[in-house]
Number of protein chains: 2
Amino acid sequence: MLTAKGTATRQRIIDGAAAEIRDRGVAATTLDDVCGRTATSKGHLFHYFPGGREQLLLAVADREAWRVLEDQQPHLSRLTTWHAWQAWRDAVVHRYQQQGVHCPLGVLITELGRGTPAAQAVTGRLIGQWQDDLQAGIASMQQRGQIAGELNAERTAAAIVAAVQGGVTILMSTGSSAHLEATLDTALLFLKSSALDAGPDATPSEGNRK
Amino acid sequence: MLTAKGTATRQRIIDGAAAEIRDRGVAATTLDDVCGRTATSKGHLFHYFPGGREQLLLAVADREAWRVLEDQQPHLSRLTTWHAWQAWRDAVVHRYQQQGVHCPLGVLITELGRGTPAAQAVTGRLIGQWQDDLQAGIASMQQRGQIAGELNAERTAAAIVAAVQGGVTILMSTGSSAHLEATLDTALLFLKSSALDAGPDATPSEGNRK
DNA sequence: CTTCTTCTGGACTTGCTAGTCCATTTTTAG
DNA sequence: CTAAAAATGGACTAGCAAGTCCAGAAGAAG
């Protein structure tokens with residue numbers, strides 16, 4: 001059983017490991033580094049994570065996955081107006097510009113092995129939730145007639161999740177958010193222009209126009 | 001100086017390392033594994049790659065980056081008809097379905113450190129070339145009036161590169177190509193529908209329609 | 001032929017890191 | 001109060017992998 005103190009220590013280890021990984025990368029982060037940073041010792045580490053490094057990394061990955069969604073709130077769960085979509089877009093760009101070239105989650109998943117069931121579960125939950133929120137947003141805009149009803153909300157949401165993911169990947173490789181912004185703006189332009197096809201209820205942006 | 005034999009050995013090491021990495025991942029690939037597989041020894045390795053592991057990995061990454069573009073040919077450099085676009089889309093999906101959850105290049109770049117100038121150079125060249133080809137394709141379709149002339153070809157090409165990248169990333173995490181296909185189809189739908197807005201020269205796909 | 005360079009092989013060193021173990025302190029609970 | 005359970009600290013081990021070194025074979029050059 002865990003006491004309150006034990007729970008706190010466990011959490012401190014996860015947080016410290018997450019911070020260390022954000023600072024220096026997964027490969028360069030040793031268990032000793034984590035111990036040093038969190039004022040704990042190997043004994044603790046294996047006490048709370050009998051599975052060792054792998055189990056700790058998984059716990060960190062799970063934590064980071066939550067943060068990804070948290071950082072997009074409250075916009076992501078209320079995509080009911082074009083204004084909200086724009087705010088969401090800005091939040092995503094801002095979040096990843098801040099993060100820069102370090103993507104703790106991506107690297108963690110890589111390290112854990114993408115094929116691992118546990119790692120797939122973490123990414124699956126993240127992508128699923130993200131896509132669900134986008135889909136709900138698209139559906140609600142469709143109900144108001146601001147996005148063409150003929151659009152397949154599920155597929156479109158999947159496309160946007162992928163687009164954002166790719167923009168982030170490129171940002172991490174190049175340090176530039178240009179692709180992320182281009183892909184988000186193009187996605188929004190697509191959604192808006194779909195309504196134009198059907199009827200002029202929407203306010204198109206000039207994002208991708210010359 | 002390198003003799004013909006030396007060059008061949010060097011290449012054999014790169015190819016063997018690439019194969020080993022594709023099979024088992026970067027982290028799990030040791031220099032001894034590479035030596036074993038290529039019938040060489042540590043002596044060779046440091047003879048041809050004085051920079052050690054890092055230099056070897058960089059050489060492998062460069063090789064893999066070329067393959068990514070090669071595998072999309074001849075379609076990628078001739079995106080002048082909707083048929084060619086569709087063939088390109090199919091080639092991309094097929095290539096990555098084959099590859100499955102292993103992305104040698106992505107993992108290599110991760111391992112080398114995304115911030116490293118050398119790694120950024122490799123990814124930068126790859127993304128740049130890819131985007132240029134897409135942009136040329138869009139421009140040529142615009143000249144024929146099959147894509148709306150008002151579209152910003154550069155930004156749109158950037159958005160598509162990002163989208164594909166994201167679809168691939170998700171494929172690697174989940175093993176499903178659904179997102180990759182969704183994002184490619186949505187991108188093509190977007191291009192086609194842009195022409196519809198302007199004038200009915202294009203043949204829209206039903207990809208994203210219900 | 002012979003001399004110099006390049007190529008090849010593998011044994012060895014060095015350093016690091018995950019994981020183990022156990023002794024000690026603190027907390028919980030009856 | 002006391003005994004059991006949980007938390008803590010750190011020294012220790014084992015194994016692995018990167019990188020070094022050197023001796024000898026093969027090949028080019030004159």
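Straight-line distance from the CG atom of A:D33 to the P atom of C:dT17: 7 Å, rounded to whole Å. In this structure, CG of B:L45 is placed 10 Å from P of D:dG19, rounded to the nearest angstrom. The separation between B:H47 atom NE2 and C:dG10 atom C1' is 16 Å, rounded to whole Å. The distance from atom CG of A:L31 to atom P of C:dA18 is 4 Å, rounded to the nearest whole Å. If you measure from atom CZ of B:R53 to atom C1' of D:dC16, you get 13 Å, rounded to the nearest angstrom. Separating the CZ atom of B:R12 from the P atom of C:dG9 is a distance of 8 Å, rounded to the nearest angstrom. Taking atom CZ of residue A:F49 and atom P of nucleotide C:dT17, one finds them 20 Å apart after rounding to whole Å.
When each of D:dT8, C:dA18, D:dA18 is scored by its nearest atom to the side-chain atoms of B:T30, the top-ranked nucleotide is D:dA18. In the set D:dG27, D:dA11, D:dT20, D:dT20 carries the atom at the smallest distance from any side-chain atom of B:K42. In the set D:dT8, C:dA18, D:dT20, C:dA18 carries the atom at the smallest distance from any side-chain atom of A:F46. Listed candidates were D:dA18, C:dT17, C:dT26. Nearest to the side chain of A:D32 is C:dT17.
The aromatic rings of A:Y48 and A:H44 lie parallel to each other, their planes meeting at an angle below 30°, with 60° marking the opposite boundary.
Between C:dT6 and B:Y48, no contact under 4.0 Å exists linking OP1 or OP2 to a side-chain N or O. For D:dG27, the OP1/OP2 oxygens have a side-chain nitrogen or oxygen of B:K5 closer than 4.0 Å. Close to C:dG9, at under 4.0 Å from its OP1 or OP2, lies a side-chain N or O of B:H44. For D:dT8, the OP1/OP2 oxygens have no side-chain nitrogen or oxygen of A:T40 closer than 4.0 Å. The phosphate of C:dC7 has neither OP1 nor OP2 within less than 4.0 Å of any side-chain N or O from B:T9.
At the heavy-atom level, A:A39 lies under 4.0 Å from the strands shown only through sugar-phosphate atoms. Residue contacts shown for A:S41 include a base, since a base heavy atom lies under 4.0 Å away. Looking at heavy-atom distances under 4.0 Å, B:G43 makes contact with a base.
Residues forming a side-chain contact (heavy atoms from CB on, under 4.5 Å) with B:D33 (at least two apart in sequence, or on another chain): B:E20, B:R24, B:T30.
A salt bridge links A:E64 with A:R67: at least one charged nitrogen is closer than 4.0 Å to a carboxylate oxygen. Between B:E181 and A:R155, no side-chain nitrogen of the basic residue sits less than 4.0 Å from a carboxylate oxygen of the acidic one, so the salt-bridge criterion is not met.
Not one N or O on the side chain of A:T116 forms a donor-acceptor pair closer than 3.5 Å with the backbone of A:A118.
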